[in-house]
Amino acid sequence: MKHVLTRLSAALALSAALVPYAFAAKNVVVAVDSTFTTLDPYDANDTLSQAVAKSFYQGLLGFDKSMKMVPVLAESYTASKDGLSYTFKLKKGVKFQDGTDFNAEAVKANFDRVTNPDNKLKRYTLYKNIAKTEVLDPNTVRFTLKEPFSPFINSLAHPSAVIISPAAIQKYGKEIGQHPVGTGPFKFVEWKQTDFVKGEKFAEYWRKGYPKVDSITWRPVVDNNSRSAIIQTGEANFTYPVPPEQVELLKAKPELEITVAPSIVHRYVSLNTLQKPFDNPKVREALNYAINKEALVKVVYGGYAIPAEGVIPKDVQFSTKLGPWPYNPVKARELLKEAGYPNGFESTLWAAFTDSTTQKAIQFIQQQLRVVGVNVQLLALEAGQRAERVESAPDAATAPVRMYYSGWSASTGEADWAIRPLFATESFPPKSFNTAYYKNDAVDAGIAKALVTTDPAVKAQIYADVQQRIWKDAPWINLATLQLVSVRSKNLSGFYVMPDRSFNFDEVELK
């Protein structure tokens, strides 16, 4: 079957480009809540790093601001009837920022790199079903899969599936994450680890007339008050996330505009099911009863969230509504007693982020657990600590993580990437992100079956069963699905937070 992808419309070149010194430079500054781990999307372990990398990189496919799939570097694709091969026609005349050509060889080089397990890239799991990538001609590439994989096209729209200049990969090797070279609208200038990432307008960008600004700078500002302050002083043009306690203040500023949007960002606490006391299902169930999700939403997220209604958020394809899990501290204490912990227990609660809202969240959880006799020590991990202590733990049996406040957004928009990396046995760290070390043979079998099922109704039933099993086993304390609260200066347009917490800035403009 032939799938023709609508061409992105090319905009007219700005008249200002003819007189570059007649106007002040248009420099966009975006304030975000965390530092960045790498600018190699194939090795990024967080949505934010992948989102920032979109300044420099593009893939064959992508998502628009509403997560509708759109063509980017591909013109069309053909899928074989057996679901084992996909042939893509590529856009012609595209250059990488180092002056080399984008072509089928470049596509092959990137997917050969990520599918080679020896490279140990964090997104290997997403693409490991590719058996081979072949160049049919300079503008045609074919992917052959090891077995039918129904979410394959969604996977190619994931923000990690970008095309990096093969010449840059050859030049920088394992350091490519500090030297991004792609086909995107901005050319890399500088990355100061804790201060900023900056890109300048790529003069040879294939979308003529774009980008409409001269540079983009990403600034990590962990403290909520500081992040709110720099949008008010004009040091930033866009800020995300807006701390809940600052929303009303920012709404009152006539030069600013607040946006609240739904998301597929899920917040949870994973429980290490291989370690006592979390190996006991009654303990895990008790902890779910112990947290007042409605109060959490109000106190921590300022009302800009909803209590978790299931294993995955409702706007992810094939999600199933199963909750929220009710608040019942009396029931929690009864279950702890039945599990052999009548006086509770002590443990550690780590957090994957260090921003102020996360600090409030884990303190709230700590207070709630104390009511039922569970005392936890808190530690919010920096990006490097998170990678070392949690994501890179080499042995499940000795992994130090116990309780882990984190979050996930399925950036393919489909249930597979909301479930497999987090609940499949194959996804124990360091391979992926099953930080609960959860294992259920029926869940594994359902995940595998769904991957080769093309009938949407059958697939929906498989995923419903999988989600029900996970919910019952309670490897997580399911907390909330966030709403996305951002603020921009009114002279900025074309910049959006997407449902997966990444960004769309194809049309960004400053007036």
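Just so it is clear, the model here is predicted, and its values are computed rather than measured. Scope of the values below: all heavy atoms of this structure, side chains included, with no hydrogens, waters or symmetry mates.
For the pair Y86/R142, no side-chain contact is recorded, criterion being any heavy-atom separation below 4.5 Å from C-beta on. Between K360 and E245, the closest side-chain pair of non-hydrogen atoms falls below 4.5 Å. In this structure the side chain of L84 reaches within 4.5 angstrom of the side chain of P148, judged on heavy atoms. Between P151 and L451 there is a side-chain heavy-atom pair separated by less than 4.5 Å. Two residues are said to be in side-chain contact when any heavy atoms from C-beta on lie closer than 4.5 Å; T273 and D279 fail this criterion. Proximity of R420 to T125: side-chain heavy atoms (C-beta onward) are separated by under 4.5 Å at one or more points. At least one side-chain heavy atom of F495 sits less than 4.5 Å from a side-chain heavy atom of F503. The closest side-chain heavy-atom distance from V114 to N119 is not below 4.5 Å.
Taking every heavy atom of both residues into account, L381 and T354 meet most closely at O-CG2, 3.2 Å. The minimum heavy-atom distance linking A399 with A393 is given by the pair CB-CB, 4.1 Å. Heavy-atom minimum distance, G59 versus V72: O-CB, 3.2 Å. Of all heavy-atom pairs spanning F423 and V443, the tightest one is O-CG1, 4.4 Å. Counting all heavy atoms, side chain and backbone alike, F96 lies closest to S165 at CE2-N, 3.5 Å. Minimum interatomic distance between E391 and Y404 (heavy atoms only, all atoms of both residues): OE2-OH, 4.4 Å.
Here the side chain of N110 pairs no donor or acceptor atom with the backbone of I163 at under 3.5 angstrom. Checked by atom type and distance alone, the side chain of E414 pairs as donor or acceptor with a backbone atom of D416 at under 3.5 Å. Checked by atom type and distance alone, the side chain of Q97 pairs as donor or acceptor with a backbone atom of F186 at under 3.5 Å. Under the 3.5 Å distance criterion, the side-chain polar atoms of Y42 are matched with a main-chain donor or acceptor of V162. Looking only at distances, no side-chain donor or acceptor of D500 sits under 3.5 Å from a matching main-chain atom of V265. Side-chain N or O atoms of R123 include one that pairs as donor or acceptor with a backbone N or O of A44 at under 3.5 Å. A donor-acceptor pair under 3.5 Å links the side-chain atoms of R386 to the main chain of A352, judged by distance alone. At least one donor-acceptor pair closer than 3.5 Å links the side chain of W408 to the backbone N or O of W417. Listed for the T144 side chain is no donor-acceptor partner under 3.5 Å among the backbone atoms of S85. Checked by atom type and distance alone, the side chain of Q275 pairs as donor or acceptor with a backbone atom of A397 at under 3.5 Å.
Contact check on D118 versus K120 returns no salt bridge, with no Lys/Arg side-chain nitrogen under 4.0 Å from an Asp/Glu carboxylate oxygen. Using a 4.0 Å cut-off between charged side-chain N and carboxylate O, E190 and K198 make no salt bridge. At a threshold of 4.0 Å, the pair K128-E426 counts as salt-bridged, since one of the basic side-chain nitrogens sits closer than that to a carboxylate oxygen.
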Side-chain atoms of residues 302-322: list all donor-acceptor pairs with protein atoms under 3.5 Å, sequence neighbours left out, distances to 0.1 Å.
residue, atom, partner, partner atom, Å
S319, OG, P313, O, 3.4
S319, OG, K314, O, 3.0
S319, OG, V316, O, 3.3
K321, NZ, G323, O, 2.8

Which donor-acceptor pairs under 3.5 Å do the side chains of residues 363-370 make with protein atoms, sequence neighbours left out?
residue, atom, partner, partner atom, Å
Q366, NE2, V376, O, 2.9
Q368, OE1, N292, N, 2.7

Would you mind writing out the side-chain donor-acceptor pairs for residues 471-486 within the sub-3.5 Å range, not counting sequence neighbours?
residue, atom, partner, partner atom, Å
D473, OD2, Y438, OH, 2.6
D473, OD2, N440, ND2, 2.8
N478, OD1, H266, NE2, 3.2

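Remark: of the listed residues Q468, Q467, Q461, R469, R469 is the sole one forming a side chain to side chain donor-acceptor pair (under 3.5 Å) with D465. Of the residues T348, T435, L349, L271, the one that meets the side chain to side chain contact (heavy atoms under 4.5 Å, CB included) test with R402 is T348.
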>> For F63 and M69: C-alpha separation, side-chain torsions, deciding distance, then whether side chain to side chain contact (heavy atoms under 4.5 Å, CB included) applies.
In response: CA-CA 4 Å; F63 292 108; M69 197 177 299; 4.2 Å; yes
> How far apart are the C-alpha atoms of V283 and L335, what are their side-chain angles, what is the distance that settles it, and do they pass the side chain to side chain contact (heavy atoms under 4.5 Å, CB included) test?
Replying inline: CA-CA 7 Å; V283 169; L335 286 165; over 6 Å; no
>> Under the criterion salt bridge (Lys or Arg N to Asp or Glu O under 4.0 Å), I'd like the reasoning laid out for R219 against D33: C-alpha separation, chi angles, the key distance, then a yes or no.
In response: CA-CA 8 Å; R219 285 186 57 184; D33 63 340; over 6 Å; no
> Under the salt bridge (Lys or Arg N to Asp or Glu O under 4.0 Å) criterion, do D112 and K108 qualify, and how do the steps go?
Replying inline: CA-CA 6 Å; D112 284 354; K108 174 178 168 55; 2.9 Å; yes
>> As a quick check of understanding, evaluate side chain to side chain donor-acceptor pair (under 3.5 Å) for S49 and T38, giving each step before the final call.
In response: CA-CA 6 Å; S49 294; T38 178; over 6 Å; no
> Hey, mind stepping through V30 and T217 against side chain to side chain contact (heavy atoms under 4.5 Å, CB included) and telling me if it holds?
Replying inline: CA-CA 6 Å; V30 182; T217 300; over 6 Å; no
> How far apart are the C-alpha atoms of T47 and S409, what are their side-chain angles, what is the distance that settles it, and do they pass the side chain to side chain donor-acceptor pair (under 3.5 Å) test?
Replying inline: CA-CA 8 Å; T47 301; S409 59; 3.3 Å; yes
> Hey, mind stepping through N434 and L422 against side chain to side chain contact (heavy atoms under 4.5 Å, CB included) and telling me if it holds?
Replying inline: CA-CA 4 Å; N434 184 352; L422 302 168; 5.7 Å; no
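Inspection of the S34 and D46 side chains reveals no N or O donor paired with an N or O acceptor under 3.5 Å.
To the nearest 0.5 Å, the span separating CZ on R113 from CG on L121 amounts to 5.0 Å. Considering OG of S406 and CZ of F353, their distance stands at 4.5 Å, rounded to 0.5 Å. The NZ atom of K449 lies 5.0 Å from the CD1 atom of I462; values are rounded to the nearest 0.5 Å. Atoms OG and OH, from S427 and Y437 in turn, are 11.5 Å apart once rounded to the nearest 0.5 Å. R267 CZ to T357 OG1: the interatomic distance, rounded to the nearest 0.5 Å, is 9.0 Å. Residue Q50 holds its CD atom at 11.0 Å from CG of L39, rounded to the nearest 0.5 Å.
Atom NZ of K146 has more than 12 neighbouring heavy atoms from other residues, nucleotides or ligands inside a 6.0 Å radius.
Relative orientation of the F188 and H179 rings is perpendicular, given thresholds of 30° and 60° on the angle between their planes. Aromatic ring pairs are classed by plane angle as parallel below 30°, tilted from 30° to 60° and perpendicular above 60°; the pair F143 and F111 is perpendicular.
In this structure, Y289 has its ring center under 6.0 Å from that of W325.
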